[in-house]
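See below for the structure under consideration.
Just so we're on the same page: letters track the sequence lines, and every chain starts at 1.
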There are 2 protein chains.
Amino acid sequence: MPPRPVGATFRGMSFPSKPPMRDALVEAAFRLFLERGYEQTTVEDIVTLAGVGRRSFFRYFPSKEGVVFPDHERRLAEVTEFLSGSGRGEDPVARVCEAVRLVLRLYTDNPTFSVQRYRLTKTVPGLRAYELSVVWRYERTFAGHLRERLADRPDGALRADVIAAAVVAAHNNVLRSWLRSEGEGDAQVAVERALAYVREAFGDGGGPDRQDEDVVVVVSRRRAPMWQVVREIESALGPGEEDR
Amino acid sequence: MPPRPVGATFRGMSFPSKPPMRDALVEAAFRLFLERGYEQTTVEDIVTLAGVGRRSFFRYFPSKEGVVFPDHERRLAEVTEFLSGSGRGEDPVARVCEAVRLVLRLYTDNPTFSVQRYRLTKTVPGLRAYELSVVWRYERTFAGHLRERLADRPDGALRADVIAAAVVAAHNNVLRSWLRSEGEGDAQVAVERALAYVREAFGDGGGPDRQDEDVVVVVSRRRAPMWQVVREIESALGPGEEDR
DNA sequence: CTCCAGGAGGGGACCGAGTGCCGCCCCGCC
DNA sequence: GGCGGGGCGGCACTCGGTCCCCTCCTGGAG
């Protein structure tokens, strides 16, 4: 995609000079990773192919694994900012779902790159672990956002953690099947279905905050004691709602 | 099941011969980790304190991080076996919840050790990443179990992944707060509440095997169409129960 | 024009994790 | 007593990652 890696030793009027060494390193790395495998490629190989010094590699990427996920750091910052700029009134779960769509787009915007990366992460345990920690940071960001908004609910932190995990799992499910199909189909559509399933499971407000529900159907078997029936009804109605 | 490795430098009538080199390495490692920090401790330091060779360390642990989670490999095997030996009729979600209790017990059975480890994983990024991959393997085991049992349902794989993630998140939530409180309180009781929340959220969860439940509560919104209410009641009653 | 400051990059030394190989020694077995 | 195998130690090597110092390029001030 970039016109020419434009090596470091190469001087002369260069292009808008925007795709600097960083992109050249990513390209060189993926070329070698796909050609001879991740573990068979040393950082030395990458930098010699890119025509730069070994030291420079670690100026742009925190580790060898980091070059495989070059853009997640920025996206995480964007997601954090996106979540922090949300009004008080709106549904926090909806906001998190919107953030998930943002993350998914990071993959769907570059299908070939994402599929290539998937081939690597699927087979290299070290890359899987690194990806896990990346995803974990998204999840903790989501959970933090939900924790703030659900703090007044009973078990707010629990709900926040569980919902965040469920949303991320839905995203991962859609993403994985999209990647396995080599980028065929519309992942953005599929994630709507998946998120709808999650939101349906947790009601709309992140759990049994069921003020807006009007009908309660109780099915009780004969062997259930009455106190248990009552407790289930109470928990279905949600806390503080018993006397409405 | 090897007969007796018996300590290397130590001879003479020893104890039930249970604590071989492996345990000595774990103990030495944690002593140093807590005393001077994880990154400030080299494998060399550990093996000299334990009085063994450096090469032996990597015979017992796959990496320096591995010594911090010495027992998870076995527990994962136990969990896998536990799940594989489950009858066809029973609720797969309940089975997974039981497996989660098993995992939690791995922590609660050794409170001081778990709390010490928590202090490390909380502060050392490398250990966090390692723990993530450990937890991920549990989650994938759970998800695989659920995928098999929910294969006939629509979106079975999605449900399986989401439920597994939710269950693990509930476990983690309980575990974290228990660890932060330095092992005070009954985590096993707390995890019941958390799992109940998850199972409630997923209602039939993907598995309306509700033959053994006594009370079913369905809450419906006014705007929900009647056919949906009927379907909820039917699914609450479980399959083959409509005409009893 | 010169000088200086600062930042980007290169290079080399260094540390430590992880691996392969070999040799030892202590078993039990033949 | 000889022998083979497994557990263990020691050594050397690779490679990821860091530190420190050098060069070069640029640009602004005098």
Side-chain angles (χ1 to χ4, degrees), chain A residues 5-26 28-29 32-33 36-69 120 124-130 133, chain B residues 1-14 17-26 28-29 32-33 36-69 120 124-130 133:
Chain A
V6 95
T9 64
F10 187 86
R11 68 196 70 260
M13 74 310 188
S14 57
F15 300 75
S17 75
K18 217 52 197 93
M21 184 176 310
R22 189 183 152 93
D23 295 8
L25 283 169
V26 174
L32 292 173
F33 290 164
R36 66 174 92 155
Y38 177 81
E39 277 141 339
Q40 282 65 43
T41 305
T42 72
V43 177
E44 188 75 33
D45 298 333
I46 300 171
V47 295
T48 54
L49 178 58
V52 302
R54 203 174 87 96
R55 190 65 187 80
S56 297
F57 181 93
F58 293 103
R59 282 203 187 91
Y60 287 100
F61 305 101
S63 64
K64 185 185 172 188
E65 291 104 10
V67 78
V68 183
F69 306 88
L120 294 177
V124 182
L127 289 178
R128 237 196 315 116
Y130 193 89
S133 72
Chain B
M1 290 321 127
R4 303 270 350 276
V6 101
T9 64
F10 189 85
R11 65 195 66 263
M13 74 309 191
S14 55
S17 75
K18 216 51 195 86
M21 184 178 310
R22 189 183 151 92
D23 295 8
L25 283 169
V26 173
L32 291 174
F33 290 164
R36 67 174 91 156
Y38 177 82
E39 278 141 339
Q40 282 65 42
T41 305
T42 72
V43 177
E44 188 77 34
D45 298 333
I46 299 171
V47 296
T48 52
L49 179 58
V52 302
R54 202 176 91 94
R55 195 66 185 78
S56 297
F57 181 92
F58 293 102
R59 284 202 186 92
Y60 286 100
F61 306 100
S63 65
K64 185 184 170 190
E65 292 103 7
V67 77
V68 182
F69 306 88
L120 294 177
V124 182
L127 288 179
R128 239 195 314 115
Y130 193 90
S133 71

Side chain of B:Arg54 (C-beta onward), nearest among D:dC11, C:dG10, C:dA17: C:dA17
Tell me which of A:Thr42 and A:Arg55 sits closer to the 5' end of DNA chain D, going by the nucleotide each one is nearest to. A:Thr42
Is there a side-chain contact between B:Val124 and B:Phe33 in this structure, where contact means two heavy atoms from C-beta onward sitting under 4.5 Å apart? no
Holding to side chain to side chain donor-acceptor pair (under 3.5 Å), I want the full list of residues that pass it with B:Ser63, two or more places apart in sequence or in another chain. B:Glu65
Would you be so kind as to tabulate the donor-acceptor pairs closer than 3.5 Å made by side chains of residues 49-62 of chain A, with sequence neighbours excluded?
residue, atom, partner, partner atom, Å
A:Ser56, OG, A:Arg59, NH1, 3.4

Closest non-hydrogen contact found for A:Phe69 with A:Leu127 is CZ-O, 4.1 Å
Taken to the nearest whole Å, CZ/A:Arg22 to P/C:dA8 is 14 Å
For A:Tyr130, is the NZ or CZ atom of A:Lys64 found under 6.0 angstrom from the centre of its six-membered ring and inside 45 degrees of the ring axis? no
Just to be sure I follow the notation: if a pair is Watson-Crick (purine N1 to pyrimidine N3 plus N6-O4 or O6-N4) or a G-U wobble (N1-O2 and O6-N3), each under 3.5 Å, what dot-bracket string does DNA chain C give, with | for pairs to another strand? ||||||||||||||||||||||||||||||
Length of the CG-P vector between B:Leu25 and D:dG7, whole Å: 15 Å
Let me know the distance between CE of A:Met21 and P of C:dG10, rounded to the nearest Å. 5 Å
Under the rule for side chain to side chain donor-acceptor pair (under 3.5 Å), what residues qualify as partners of B:Arg36, not counting sequence neighbours? B:Asp45
Counting heavy atoms from C-beta on, name the nucleotide in D:dG17, C:dG18, C:dG10 closest to the side chain of A:Glu65. D:dG17
Residue-level proximity of residues 56-64 of chain A to DNA chain D when a heavy atom falls under 4.0 Å: A:Phe58, A:Ser63, A:Lys64
Rounded to the Å, how far apart are B:Asp45 CG and C:dC15 P? 14 Å
